[in-house]
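Read the structure below first, then the notes.
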There are 2 protein chains.
Amino acid sequence: MTRVLVIDDEQPILRALRINLAAHKYEVSTAADGASGLAAMARDRPDVLILDLGLPDMDGTEVIKGVRGWSSVPIIVLSAWGQESAKIAALDAGADDYVTKPFGMGELLARLRVALRRASPAPDEPVITTGDITVDLAAKRVLRAGADVRLTPTEWQLLEVLVRNRERLVTQRQLLQEVWGPEYGTEGNYLRVYMAHLRRKLEADPSGPRYLRTEPGIGYRFTCAGSEVSPPGGRSS
Amino acid sequence: MTRVLVIDDEQPILRALRINLAAHKYEVSTAADGASGLAAMARDRPDVLILDLGLPDMDGTEVIKGVRGWSSVPIIVLSAWGQESAKIAALDAGADDYVTKPFGMGELLARLRVALRRASPAPDEPVITTGDITVDLAAKRVLRAGADVRLTPTEWQLLEVLVRNRERLVTQRQLLQEVWGPEYGTEGNYLRVYMAHLRRKLEADPSGPRYLRTEPGIGYRFTCAGSEVSPPGGRSS
DNA sequence: GACCGGCGTTAAGACGGCGTCAAGATCGGC
DNA sequence: GCCGATCTTGACGCCGTCTTAACGCCGGTC
């Protein structure tokens with residue numbers, strides 16, 4: 001879950017933020033002054049920081065600089081004052097955004113989404129590693145025992161769908177529609193041909209696959225914890 | 001110099017922005033409606049976009065989506081209306097920041113600095129060296145075996161995109177859109193011609209490229225650890 | 001024990017992509 | 001206005017990929 005740290009000394013605002021953020025499935029921690037806020041930053045390692053400039057013990061820009069000294073976490077600044085110079089100072093100190101009170105909660109949440117969207121260019125794990133196969137979804141690259149494996153476009157698309165749904169069973173219909181298009185759904189032939197290609201390129205023993213498993217009558221499954229092909233009798237799933 | 005594109009239909013604001021931005025050493029281009037704004041985006045390739053939501057011909061979020069379809073340049077939205085729903089829609093459509101009129105020029109400039117600061121995550125080596133090729137992204141120079149290589153503008157742009165995504169597979173569509181513009185996407189011809197140019201200038205054996213690899217049916221990849229072209233041996237298909 | 005359907009495997013032909021070359025169009029400098 | 005460099009566009013041969021069909025094997029079913 002996404003973690004948010006709120007540093008603010010005004011109880012009503014703190015309470016409103018905590019309720020609204022929690023309602024949107026954020027994990028919220030809070031601090032009431034700059035010193036404890038910096039300590040909380042180091043301790044909790046939040047994914048984003050919401051910081052009120054009007055703290056009792058420190059100047060807001062000092063808090064920003066303290067954070068920026070070691071972290072590049074997104075910082076959204078809140079402020080009750082409309083002073084433009086304070087805004088500029090905070091932004092130039094390293095803040096990512098600045099919201100003036102009173103603000104709408106919807107707007108703050110939207111700016112939060114922007115900050116998080118930018119901070120995470122990798123929405124999902126781009127690299128999947130099994131015993132001796134490594135699949136890099138971002139680079140569109142497959143390594144087997146450290147060596148590059150050349151895949152054709154169709155082979156790659158098929159592998160990508162399976163890896164994105166790793167450990168899960170993918171039906172033939174779903175595979176056909178995601179790789180060949182929505183009008184396909186019955187051409188089980190294609191799957192058999194291309195699964196054979198993939199197994200020949202990736203499996204040590206193509207006829208006894210460890211990673212690219214067949215689920216008879218239903219579909220296929222890419223499994224990471226590829227145990228040896230169990231001899232008849234030792235199956236336990 | 002940093003290039004800024006301003007899309008706004010109100011002449012006074014356009015004028016004020018042009019003067020202030022030019023005074024801070026930005027290179028400013030302008031457009032007065034959404035359609036010509038999108039065209040200017042493709043033509044001028046600015047480093048940041050300032051967009052007014054109240055355009056005469058298109059909805060602001062449509063402009064944002066049109067840009068986001070092929071570019072990730074920072075977008076700062078201006079708006080005369082205080083409507084929170086419009087803010088949220090713009091931010092979720094892909095905008096990076098939102099400033100409500102009337103705004104202070106100092107604040108806008110500070111938010112501009114934030115957007116640009118974030119957009120240039122190039123503190124890491126702008127110089128990439130492989131076996132005998134050195135690419136200096138900052139100086140826009142290419143050395144091969146220590147000697148300067150003259151590239152035409154298009155050749156350089158193509159090489160730059162590939163090197164920025166080194167080791168990663170870049171699709172033909174992405175290359176075409178980043179080099180030629182968003183309206184291109186199917187002209188695979190251009191890529192073949194210019195890849196041939198680059199290979200002739202950079203590769204020892206242009207027909208057996210070590211660095212500028214083709215991924216048939218998908219795109220191209222610049223690879224640093226350029227191993228020799230694998231001699232035909234383990235191929236079976 | 002015979003039948004049948006699903007799966008793996010292989011092979012062959014059609015098709016499209018890629019590299020290459022060259023000529024025309026366009027732009028900018030002198 | 002001329003000339004060179006650069007970009008665009010078309011054509012062509014080759015090779016890899018996709019499609020499709022056929023066959024054997026194994027399981028389950030009757």
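The shown structure was predicted, so the numbers you read here are calculated from the model rather than taken from an experiment. The figures here come from the full heavy-atom set of this structure, side chains too, leaving out hydrogens, waters and symmetry mates.
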- line: 5' to 3', nucleotides 19-25 of chain C under a 4.0 Å protein heavy-atom cut-off (B base, S sugar-phosphate only, - none) gives BBB----
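- The phosphate of dG16(D) has neither OP1 nor OP2 within less than 4.0 Å of any side-chain N or O from Thr152(A).
- Positionally, the nearest nucleotide of DNA chain D for Arg150(B) lies more toward the 5' end than for the other of Arg150(B) and Pro216(B).
- Tyr184(A) and Tyr190(A) have tilted rings, their planes meeting at an angle from 30° to 60° on a 0 to 90° scale.
- For Tyr220(B) and Asn165(B), the side-chain atoms include no donor-acceptor pair closer than 3.5 Å.
- As a whole-Å value, the separation of Tyr194(A) OH from dG8(C) P is 16 Å.
- With sequence neighbours left out, the side chain to side chain donor-acceptor pair (under 3.5 Å) criterion links Tyr98(B) to Ser79(B).
- Taking 4.0 angstrom as the limit, Trp180(B) places a side-chain polar atom (N or O) nearer than this to OP1 or OP2 of dT8(D).
- Ring-centre distance between Tyr194(A) and Trp156(A): not below the 6.0 Å cut-off.
- An OP1 or OP2 oxygen of dC7(C) is reached within less than 4.0 angstrom by a side-chain nitrogen or oxygen of Gln172(A).
- Atom-to-atom, CD of Glu215(B) to C1' of dG16(D) comes out at 14 Å; the value is rounded to the nearest Å.
- Every pair passing side chain to side chain donor-acceptor pair (under 3.5 Å) that includes a residue from residues 133-142 of chain B is listed here, sequence neighbours excluded: Arg141(B)-Asp148(B).
- The pair Asp97(A)-Arg113(A) does not meet the salt-bridge criterion, since no charged nitrogen lies less than 4.0 angstrom from a carboxylate oxygen.
- Residue Tyr190(A) places no side-chain N or O under 4.0 Å from the OP1 or OP2 atom of dC18(D).
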